[in-house]
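Because the structure is a prediction, the values reported are computed rather than measured. The figures that follow rest on heavy atoms only: side chains count, while hydrogens, waters and symmetry mates do not.
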Protein chains: 2
Amino acid sequence: MTVISVHAPSHREALWELESAFERGDLITVFGRCTVSYAGRAASELGVGDRLLILKPDGAALVHTDEGRTPVNWQPPGSTHHAAVREGRLRVRSKRTNPAETLLVRFERVHQLSAMSVTGGRDLELHGSEEDLRTRVLERPELIAPGFEPVSTERETAAGPVDVFGVDDAGDPVVVELKRRRVGPDAVGQLARYVAAVRDELTGDGEFLADHEAATADDSVRGVLVAPSLTDRAADLLADRGFDHVALGPPADAGESVDALADDSDDSDDLDDSNTTAGSGSRPDESA
Amino acid sequence: MTVISVHAPSHREALWELESAFERGDLITVFGRCTVSYAGRAASELGVGDRLLILKPDGAALVHTDEGRTPVNWQPPGSTHHAAVREGRLRVRSKRTNPAETLLVRFERVHQLSAMSVTGGRDLELHGSEEDLRTRVLERPELIAPGFEPVSTERETAAGPVDVFGVDDAGDPVVVELKRRRVGPDAVGQLARYVAAVRDELTGDGEFLADHEAATADDSVRGVLVAPSLTDRAADLLADRGFDHVALGPPADAGESVDALADDSDDSDDLDDSNTTAGSGSRPDESA
DNA sequence: TCATACATTTCGTCA
DNA sequence: TGACGAAGTGTATGA
């Protein structure tokens, strides 16, 4: 692990450090006054201002201002970074193809440049995803409906893959769509697409069904939306389509964990605390 | 504009710098060896490794590894940052409410800490959005269909707002859904939702229509998906529903601009170039 | 490479 | 504040 850091470098110095860092495969941060141009899937211009540029060895580039979780401009991993000095400015260009996109950052001044070697420690253990919800449903199918039996997951249809496909106690096919959070009309539309596709499939030309039988088959494909909650509109649409809602979310490990992490009431040890409060919130604690 | 930067500070030093930076409302970067815990909408654990932590004065917190455009862990703007030293580690905690979420970064070592005052220069000028596509359609309605006349944008329906609503030369209602990029089945589902909602509306209980008239009205609501292109499945679904596709994207300013930015063949000036190539790409240019 | 859907999506806008 | 859909969405997975 090595860190290089230069304060207010000349453009030539900055360029040299960038080149070195590129070769080493370092994670680079450049803080300075710059303008940013982007062109590709869309196009954008950003006027002069102080920003933080992050260049990753995998080709990702991020331009951050003092606000927002999302970079104001960026380039995805797989891009190629270039640096040069031209017209008295340090230019960092990041290009990629497919789609063709270019990000150009022009520094009129570099306040600080750092480069650090980073390796490994990238695998995140995440709980509470939709996959966890599916696991839960498969372990306890009766949560969907009495006598529900899962047949397959990710079952392919003409409209896309169904999360869980199964049969109810009457032997009727059931299409289950899982959502880890509160859902709106789009989720109902998604479920409707899948149900329609399964219907078409089961009543398709290849089948020997009289009209009345086909009609019966139509109605017999059930749709179930599993989600912690629905918006009003989603509930209306769901009812219109004759689908069901099962109120269920991912296992609630998260809820308890929050308290564990958030808990700082037992600050018995050592040095403590400073805080900053976001936006229009209260002022930071002045020293106690 | 001020930059503070400390190399390999003790935890106490780091804490003090963090506190000061919080009070100044600085943009902070901390590079060091740490573990990360998150709990909230989901929950996650990240083992020890070198990472870059960014703390913004608006309450945003980002944990970046050497890979990816997306932070491995984060906290959205509006969170509140705390710092403390406990059990021989520098802890940075970021909390928010609604939903309750906590991010906890424990540094066993800080390699570098920087803080910089950043203001303004945040407004991005972006071209090629869906709004640009809408403008184009409204300026040249005949692109949708011969004799098409827009009536309203963002027209509310029971299923959500319709991008562009209008009538064709036969006086039949037309629902237009705009997409700035190639679309899949989900976009067809969205259009289908809106068309169905408008149908229900126009053939609702309040209307005095005989059955055969209602049926006519049903068929007469047209659906048009405007997008540069469709996937095969989306095309099939669209055809099944009897909707139309109009191949159209945002004005192609972007395409030309790419070339302008990407063009570095006329490197006539000054100092030039270093590059890093992503992933499995070619090796960086050794000095020329 | 493309298609498809999830995501701690984030973000803006509007009621 | 919640709802709704766009986004230069990014990301993983499967064909």
Query raised in the report: If you measure only the distance, is there a donor-acceptor pair under 3.5 Å linking the side chains of B:T65 and B:R51?
Result: no
Report task. Could you check whether A:A159 gets within reach of a base, just the sugar-phosphate, or nothing at all, counting any heavy atom under 4.0 Å? Result -> sugar-phosphate
Query raised in the report: How would you label the contact of A:P161 with the nucleic acid (heavy atoms, under 4.0 Å): base, sugar-phosphate, or nothing?
Result: sugar-phosphate
Query raised in the report: Is any side-chain heavy atom of B:D163 less than 4.5 Å from a side-chain heavy atom of B:E130?
Result: yes
Requested in this report: Name the residue closer to the 5' end of DNA chain C, choosing between A:N98 and A:R193 according to the nucleotide with the nearest heavy atom.
Outcome: A:N98
Report task. Do nucleotides 7-15 of chain D as a string where each nucleotide becomes B, S or -: B if the base has a protein heavy atom under 4.0 Å, S if just the sugar-phosphate does, - if no protein is that close. Result -> SBBSS----
**Report entry** Phosphate contact (D:dA3 OP1 or OP2) by A:R182 side-chain N/O below 4.0 Å
**Finding:** yes
Query raised in the report: Can you name the residues that form a side chain to side chain contact (heavy atoms under 4.5 Å, CB included) with A:A60, not counting sequence neighbours?
Result: A:K56, A:D58, A:P77
Report task. With a 4.0 angstrom cut-off to heavy atoms of chain A, pull out the first and last contacting nucleotide of DNA chain C, in 5'-to-3' order. Result -> C:dT1 to C:dC11
Report task. For B:L230 and for A:E177, find the nucleotide of DNA chain C with the closest heavy atom, then tell me which residue's nucleotide is more 5'. Result -> B:L230
Query raised in the report: What residues, two or more places apart in sequence or in another chain, satisfy side-chain hydrogen bond (donor to acceptor under 3.5 Å, both in side chains) together with B:S44?
Result: B:N73
Query raised in the report: In chain order, what residues pass the salt bridge (Lys or Arg N to Asp or Glu O under 4.0 Å) check against A:E45, with sequence neighbours excluded?
Result: none
Requested in this report: Report yes if the side chains of B:D50 and B:F31 come closer than 4.5 Å at any heavy-atom pair, otherwise no.
Outcome: yes
Query raised in the report: Hey, are the side chains of A:V176 and A:I144 touching, using non-hydrogen atoms and a 4.5 Å cut-off?
Result: yes
Query - Set of residues satisfying salt bridge (Lys or Arg N to Asp or Glu O under 4.0 Å) with respect to A:D132, sequence neighbours excluded - result: none
